[in-house]
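In what follows, a structure is listed as structure tokens, so that the remarks can point back to it.
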Amino acid sequence: MSRLIIEADHAESAYWSDLWRYRELFFFLSWRDILVRYKQTVIGVLWAVIRPLLTMIVFTIVFGKLAKMPSGGIPYPVLVYAAMLPWQFFSSALSEGSNSLVANANMLSKIYFPRLIIPASAVIVCFVDFLISAVILTGLMAWYHISPTWRLLALPAFTALGFFAAFGACLWLAALNVKYRDFRYVIPFIVQFGLYLSPVGFSSDVVRQKYGETIYQLYAFNPMVGVIEGFRWAIGGPAASTLDGNILGISIGMVALMAFLGLRYFRATEESFADII
Amino acid sequence: MSLAIRVENLSKRYLLRHQAGGRSRYVALRDVLADRAKSLFQKNRLDATREEFWALKDVSFEIQRGEAVGIIGRNGAGKSTLLKILSRITKPTKGRIEIDGRLASLLEVGTGFHPELTGRENIFLNGAILGMHRTEIAKKFDEIVAFAEVEKFLDTPVKHYSSGMYMRLAFAVAAHLDQEILIVDEVLAVGDAAFQKKCLGKMNDVSQSGRTVLFVSHNMEAISRLCTRCIYLVKGGLKMQGATRDVLNAYADHSKQTAGEIDLTALPRAFEGSAEARLVRLKNLSAETGGAWCFEYGTPLEFAVDISVTRPLAEPEIGYQLFAVTGMQLASTTTTQELPLTSLEPGRYQLRVKIPDFFLNPGTYVLGFSIATPSHNVDNISEVVQIEIMPSARSVQKSLHRIWAPMTPSAVFQLNRL
């Protein structure tokens, strides 16, 4: 027989085991969101492929052909697509995840479950999109005769880095969004701005050459710099520029900090969600 | 018998924010920043805009395993807050609760239903939300479908369902929960008559199957049928607990303490009318109740409403409205048919209203009054007083059909053998 004790000003001691008990709900919610995502669309899941593909083409023309940015040894479309993949995942996870609590307000005020499940399942849905659009990358690599190297084995690690960057940030924003609906307007702005602040359309070497080493290291405080350069390094093979250890270290540190602060803020405000949403 | 739920000194405080114009419920970042900036110069400014409100105060009770317990009280007495704390949706400010056994709460049917998903998909989703395991849902799947009577539409998205089908499916999932402790808010009054009958039967089964049930309702008749014991809340505090009959009597007695005369001038208006005339005072004239707003089922209702007319009013229509506690309007009668008025000169008037055959079923209702002309509203109060209709000898032998219906209009029946 299960026994439950609810006490005022007592942190939920069984929080993490509860999270495990509610894993089926997490599974069902993710499943619901994946099912619903492309319902009543004509081309359905193809959207997950078309969006990064078209953006890649535009960026290749604008940055590669018109602005003639250096590509650092790998074909420009591959350079852009390798960055587009994690960036699209990060940006969609950020916007979907941040709105997820407010979008499920009704559930929050009627049913108990660890609230962490909601933003987590929103991020998972974006992750499925990410996996689908990764298929295009294999096509691109074949087209440009880039043979896979052992570096590809590091790709899951960089994916995890991107995952935690998105999850940490969206926990924080989702909790803030419950209290201050201003964040509804802030998030699209962050996403739009971030696209230009991250080295998606160009190699981050450009920043180093133009502004020097110090600015380059500061640049890595944007955690997506490490994730994107990691993707390029893993995918481009020997032709790609080397991966700067400092840059990666700073980005990993930033992701860890964001995930920690995000989770802490979420846990601290979680209990009052039902009262203020 | 062992204990299923033990509640000790439970309190819940809400902070109310007073915002000019009663704007949105959530806080705008701009306001917070502005307040912070101002409070640098003025101390305690933030506190002045907040007010404490205790939705529950020092409530303690125990519930034995297998008991069906009703929770009653007027609107705002803290019933919903209590359910929310027991279901862990919100945390108590003070106190402690011990719950022994798996608990499922039904504060709403169909939580998490997604219109784009099919009936089949929603059954699994909703089951998971209510805390059922996948294997459990799969095992009960056929039973749920049969109960909801939606076999043919299982693979249709629920957005194409009629509202009746939707509610049936939602309730069916909830009805097949087999947690040891069930918390049920007034969610049963849904669907068509035949289905309501089925729901009530199911509720009866549940409370007889040895499971612990906590049931909140304004429907006194349902409470007296389903619950052996009741908890009575008044303004966030526990007023009384005990056998259903005793508590219901105390509830009726307490309702009688509402004054028989009500000053209408200070009550909030539903909307601003043109104000040629104002509703001034309401008086309960029903002899049997001694001026209290609590009536036995089947007794006539009689009251007088005072009106002050300041400017001549052409073709006035004066009448009462009756609402369910959910806010749904149930009935409205005006002078238009029974006492057509061509005009009212300035002065004070008293209108007496008698409803000889009062057909409301036991429960809580809200009475409102209005003055209007065919072209515009003059004065309108939608919540003047809550009235209680108590079960009586005449209502004891009721049919299952009637229990969820708000009223029983008198009807003439004739039976011929064909």
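Letters A, B, ... mirror the listed sequences (proteins, then strands); counts begin at 1.
- Considering only heavy-atom pairs separated by less than 4.5 Å from chain A, the leading option among B/Glu8, B/Lys12, B/Arg6 is B/Lys12.
- Not less than 6.0 angstrom separates the ring centroid of A/Phe113 from the ring centroid of A/Phe26.
- Proximity to chain A (any heavy atom under 4.5 Å) is restricted, for B/Leu86, to the backbone atoms N, CA, C and O.
- When the heavy atoms of residues 101-109 of chain A are compared with those of chain B, the residues falling under 4.5 Å are A/Asn106, A/Met107, A/Leu108, A/Ser109, listed by number.
- Remark: A/Arg23 fails to qualify as a cation-pi partner of A/Phe27 under the 6.0 Å distance and 45° angle criteria applied to the six-membered ring.
- Using a 4.5 Å heavy-atom threshold, the side chains of A/Arg37 and A/Trp47 count as separate.
- Under 3.5 Å, the side chains of A/Asn177 and A/Ser98 contain no donor-acceptor pair of N or O atoms.
- Checked against the 6.0 Å centroid threshold, A/Phe163 and A/Phe90 do not count as a close aromatic pair.
- Within a 6.0 Å sphere centred on NZ of A/Lys110, heavy atoms belonging to other residues, nucleotides or ligands number more than 12.
- A salt bridge does not link B/Glu136 to B/Arg134: none of the charged side-chain nitrogens sits closer than 4.0 Å to a carboxylate oxygen.
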